[in-house]
Amino acid sequence: MLLQKELQKLENMIPHIDKKNTEVSANGIDWHIAHSLKTIVIMIKGLEISNPTEYKKEFNFPRFLVYTTRRIPRG
């Protein structure tokens with residue numbers, strides 16, 4: 001399962017939490033792991049309370065950009 005693989009990648013980074021590459025981010029690996037886990041929890045909570053029958057598709061340029069380029073712009 002994709003989620004399990006991604007969680008395993010995060011777990012594998014735990015021994016490196018004190019490292020930081022300021023050319024990539026001002027935050028360390030510890031912050032990125034915590035941010036990723038918080039994001040996952042928020043998405044799961046959103047899925048739990050969502051009702052697929054109430055979904056109405058609307059055009060969203062940022063979503064279109066991310067899905068088209070397969071990249072999330074920085075900033």
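Just the heavy atoms: all of them, side chains too, but no hydrogens, waters or symmetry mates, feed the values below. All figures in this text were calculated on a predicted structure; none of them were measured in a lab.
Looking at heavy atoms from C-beta onward, Thr39 lies in side-chain contact with Met43 at the 4.5 angstrom threshold. Side-chain contact between Leu7 and Ile40 is present, with heavy atoms from C-beta onward closer than 4.5 Å. Taking 4.5 Å as the limit, every side-chain heavy atom of Lys20 sits out of range of all side-chain heavy atoms of Ile29. In this structure the side chain of Ile14 reaches within 4.5 angstrom of the side chain of Glu11, judged on heavy atoms. Side chains of Asp18 and Asp30 form no contact here, defined as non-hydrogen atoms less than 4.5 Å apart. His32 has its side chain within reach of Asn27: a pair of non-hydrogen atoms, C-beta onward, lies under 4.5 Å apart.
Classified by interplanar angle (parallel below 30°, tilted 30° to 60°, perpendicular above 60°), the ring pair Trp31/His35 is parallel.
Within the 3.5 Å criterion, the main-chain N or O of Pro52 finds no donor-acceptor partner in the side chain of Ser50.
With respect to Glu6 and Lys9, a salt bridge is recorded, a charged nitrogen being found less than 4.0 Å from a carboxylate O.
One distance of note links CD1 of Ile42 with CG of Leu37; it measures 11.0 Å at 0.5 Å rounding. One finds the CG atom of Leu10 at 9.0 Å from the CE atom of Met13 (value rounded to the nearest 0.5 Å).
Note on Ile33: it clusters hydrophobically with Ile44, by side-chain heavy-atom contacts below 4.5 Å among ILVMFWY residues.
No more than 12 heavy atoms of other residues, nucleotides or ligands shown are found within 6.0 angstrom of CZ on Arg71. Shown here is Tyr55, whose OH atom has more than 12 heavy atoms of other residues, nucleotides or ligands within 6.0 Å.
Considering every non-hydrogen atom in both His16 and Asn12, the closest pair reads CD2-O, 3.8 Å.
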